[in-house]
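Here the structure is laid out as structure tokens; the discussion comes afterwards.
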Amino acid sequence: MFRKQGVQMSDLRVRFAPSPTGYLHIGGARTALFNYLLAKQQGGTYVLRIEDTDVARSTQESVDAILDAMNWLGLSCDEGPFYQSERFGLYKEKVQQLIDEGKAYRCYCTQEELDAKREAAMKEGRKPKYDGTCRNRTDHPDAPYVIRFKLPEGKEEVAFDDRIKGRISVRLEELDDLIVARTDGTPTYNLVVVIDDAEMGINLVIRGDDHVNNTPRQILLYEALGYAVPEFAHVPMILGSDKKRLSKRHGATSVMAYQEEGFLPEAMVNYLVRLGWSYGDEEIFSMDDLIEKFSLDNVGRSAGVFNPEKLLWLNAHYIKTGDPVRLAELLKPFLSAKGIATEQGPDLVEAVKSLQERASTMAEMADGAAFYFVDTVEYEEKAKNKFLKAEQKPVFEAILSELGTCELFNEEQLEAAFAKIMDQTELKFGKVAQPLRVALTGGTASPSIYEVLQVLGKERALARIEQALATL
RNA sequence: GUCCCUAUCGUCUAGCCUGGCCCAGGACACCGGCCUUUCACGCCGGCGACGGGGGUUCGAAUCCCCCUGGGGACGCCA
């Protein structure tokens, strides 16, 4: 028996199947994550499939954007990516099979006729469904047509046991003959999703809640094509703060937009998984934790509201507890985006350490780190007016001379130096530290003064103090 | 409009299946305090919810029904 990290290999096969008509959004990322976690946990297989049957709207840029985002989140697939656009032959075969078996037919109704019927039905309070006009016609006019799947007769309802929502059933009279092939011959979503899931051996379909209504008709298609019906798990939607479907109006919905704002992938993963899933009172989960602990049983059934504040809190947590060397690497692009070069400056890793518990995002950390690397400190107006005044001259002189005698800028020597400064000037620590902070950083908020001094190093620190002294 | 799904603090949620341990627990946010060389971190405390109405029961957040709210679907998009 094969084993993988002590976990029994299973035949679980799941998939994530985005359509490349835009970037990977928050909701899709969560669906992908759930799929990934379950596959990893059970030693199953996670398949990635690009649903690009809508040739007009699918783009390579979107495919790349989705792949990038999956990669960033660390959700690598075991198989794929497969492209539906490369499988049209297979779909065509299956459509023909349905026609041959009398389970599908040509429909010559025009778009306009259909729209009119739909509108009329809505107006009368009926469900707008196809009336079956072409269902029994035997002629083959020389006109454009679509292929419709004929709803099976003699069946009352379709039901399935959703792994998240429980039993869901729909009466057949609520359904109609859906289009499986367009006028141009290309297959539509409901058909290809069934064929691919079946042909790829997917036995558990985890997807968004918005597909619940498609499931009954897809089950009918599975049956008509002679396929085994997989299990389904419909994950609730993610809503905006106004309880409306999450959209750009609510802020960034693209996963990669968060990366650009300085979020860490582990924060995003942690946030996403907790939106709809829980494990007692625990809040912090590493990917390994999740692979061990995730379960569909603990996924909630109702829609959730996306809460950027909590994401931010998680991000701050992961910055606080993250590896400084890695964070330093991640920080570089944010610094260069601000036009800051770090090569000649103080040790970037040390700078990061001093800022870890003060930054919620990497962008914020870059803001906070900027002062370390400037050639000439620029003073904030208010800070300068308050702390860089002529009367401070003696303090700065004392600081300059005492720090100048420090061999090493370590905690011990700095403390000793400050003790002397405070003694000489008869000032309390705060009265010394704050002006010095302005001289060193240009502002009134920064890491602790000892840290700043140490990160900067003696030479740079003394130069900055002299610079300040010169302005008094 | 019709159908499907859903309903615990502002938000994410625990508890619900297997009624009493719940005058409902945790987290984010918010407010207050402590710590403190600034800003933060951290710590302590506070505010804050079982949508409504009927049942069932000795007892209901938990079981049943109705109502209401919310979401989704109704496409030659996925």
Side-chain angles (χ1 to χ4, degrees), chain A residues 17-21 51-54 56-58 84 107 109-111 114-115 118 121-129 144-148 162 164-166 168-171 173-176 178-190 192-193 207-216 234 236-237 239 241 243-245 271 274-284 298 300-314 316 320 355-360 368 383 387 418 428-438 441 443-450 452:
Chain A
S19 64
T21 52
E51 309 229 320
D52 55 354
T53 53
D54 187 348
R57 295 202 303 158
S58 300
Q84 292 188 320
C107 170
C109 296
T110 65
Q111 196 94 246
L114 262 19
D115 289 346
R118 246 193 299 272
M122 285 266 226
K123 211 167 253 172
E124 290 170 37
R126 287 181 294 115
K127 190 155 181 156
K129 52 178 204 173
Y145 61 86
V146 298
I147 306 295
R148 281 184 189 272
D162 192 277
I164 291 171
K165 306 228 173 211
I168 294 174
S169 69
V170 177
R171 291 190 305 284
E173 65 199 47
E174 299 298 335
L175 275 25
D176 64 357
L178 87 165
I179 292 169
V180 291
R182 306 183 179 92
T183 311
D184 64 3
T186 56
T188 58
Y189 168 73
N190 279 297
V192 296
V193 76
R207 79 227 302 192
D209 208 335
D210 47 343
H211 287 289
V212 173
N213 292 281
N214 287 326
T215 309
H234 286 100
M237 300 272 86
L239 276 23
S241 51
K243 295 274 181 92
K244 298 287 181 209
R245 199 186 181 126
Y271 177 72
R274 274 288 287 107
L275 182 52
W277 173 83
S278 61
Y279 191 80
D281 286 339
E282 288 183 38
E283 294 288 350
I284 306 296
N298 299 317
R301 288 159 299 173
S302 55
V305 174
F306 181 74
N307 183 339
E309 277 82 33
K310 189 151 185 180
L311 206 210
L312 197 62
W313 171 73
L314 280 164
K320 224 175 299 165
L355 291 161
Q356 275 179 281
E357 58 186 32
R358 281 162 239 273
S360 292
F387 295 105
F418 271 84
K428 293 207 293 182
F429 189 81
K431 297 286 180 192
V432 178
Q434 207 55 357
L436 177 56
R437 172 170 285 112
V438 177
T441 73
T444 52
S446 84
S448 92
I449 210 70
Y450 291 145
V452 172

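Chain identifiers are assigned alphabetically (A, B, ...) following the order of the sequence lines, protein sequences preceding nucleic acid strands; residue numbering begins at 1 within each chain.
The residue A:Asp54 sits close only to the backbone: its heavy atoms come under 4.0 Å of sugar-phosphate atoms, none of a base. Contact annotation for A:Ser169: backbone-only contact, meaning every heavy-atom pair under 4.0 Å involves sugar-phosphate atoms and none involves a base. Residue A:Phe306 is out of contact with every strand shown, counting any heavy-atom pair closer than 4.0 Å. Within 4.0 Å (heavy atoms only), A:Gly276 reaches sugar-phosphate atoms of the nucleic acid but no base atom. Base engagement by A:Val146 is indicated by at least one non-hydrogen atom pair under 4.0 Å involving a base atom. Residue contacts for A:Lys244: at a heavy-atom cut-off of 4.0 Å it reaches the sugar-phosphate backbone alone, with no base atom in range. Nucleic acid contact class of A:Glu309 (heavy atoms, under 4.0 Å, all strands): sugar-phosphate only. No contact: A:Thr21 has no heavy atom under 4.0 Å from any strand. Counting non-hydrogen atoms under 4.0 angstrom, A:Thr183 reaches a base of the nucleic acid. Among the heavy atoms of the strands, none lies under 4.0 Å from A:Pro236. Note on A:Arg57: a base of the nucleic acid sits closer than 4.0 angstrom, heavy atoms only.
What you find for A:Val452 and A:Pro447 is that their closest heavy atoms are CG2-O, 3.6 Å.
Comparing B:C50 with B:U62, their C1' atoms are spaced 10 Å from each other, to the whole Å. B:U57 and B:C12: their C1' atoms are spaced 34 Å apart (whole Å). Rounded to whole Å, the P atom of B:U8 lies 12 Å from the corresponding atom of B:G52. Nucleotides B:U68 and B:A24 place their C1' atoms 24 Å apart, quoted to the nearest Å. Of the C1' atoms belonging to B:G71 and B:C64, the separation is 25 Å, rounded to the nearest Å. Across the P atoms, B:G26 and B:C67 are found 37 Å apart, a figure rounded to whole Å. Remark: the separation of the C1' atoms in B:G10 and B:C30 is 9 Å, to the nearest Å. Annotation: B:C35 and B:A40 have their C1' atoms spaced 12 Å apart (nearest Å).
For A:Glu282, the side chain to side chain contact (heavy atoms under 4.5 Å, CB included) partners two or more places apart in sequence, or in a different chain, are A:Tyr279, A:Phe285, A:Lys293. The ring pair (Phe, Tyr, Trp, His ring centres under 6.0 Å) search around A:Tyr145 returns A:Tyr108, not counting sequence neighbours. Partners of A:Arg148 according to the salt bridge (charged side-chain N to carboxylate O under 4.0 Å, His left out) rule, which considers only residues two or more places apart in sequence or in another chain, do not exist here. Not counting sequence neighbours, the partners of A:Arg358 by the salt bridge (charged side-chain N to carboxylate O under 4.0 Å, His left out) test are A:Glu451. For A:Arg301, there are no salt bridge (charged side-chain N to carboxylate O under 4.0 Å, His left out) partners, not counting sequence neighbours.
Positionally, the nearest nucleotide of RNA chain B for A:Leu275 lies more toward the 5' end than for the other of A:Leu275 and A:Glu51. The 5' end of RNA chain B is approached more closely, in terms of each residue's nearest nucleotide, by A:Arg274 than by the other of A:Arg274 and A:Asn214.
Ion pairing between a basic and an acidic side chain is recognised when a charged N comes within 4.0 Å of a carboxylate O; A:Glu283 and A:Lys310 show such pairing.
Applying the Watson-Crick and G-U wobble criteria (two distances, each under 3.5 Å), B:C47 pairs with nothing in any strand. Checking B:G42 for Watson-Crick or G-U wobble geometry (two distances, each under 3.5 Å) identifies B:C34 as its partner. With a 3.5 Å ceiling on both atom-pair distances, B:C23 lacks any Watson-Crick or G-U wobble partner. Under the Watson-Crick and G-U wobble criteria, each requiring two contacts below 3.5 Å, nucleotide B:C17 is left unpaired. With a cut-off of 3.5 Å on both pairing distances, the Watson-Crick or G-U wobble partner of B:U2 is B:A73.
A:Asp184 and A:Thr186 share a donor-acceptor pair across their side chains, judged by distance under 3.5 Å alone. A donor-acceptor contact closer than 3.5 angstrom links the side chains of A:Arg437 and A:Ser446.
Between chain A and RNA chain B, the heavy-atom contact criterion of under 4.0 Å yields a 5' to 3' nucleotide range of B:G1 to B:A78.
Taking syn as a glycosidic angle within 90° of 0, B:C65 does not qualify and is anti.
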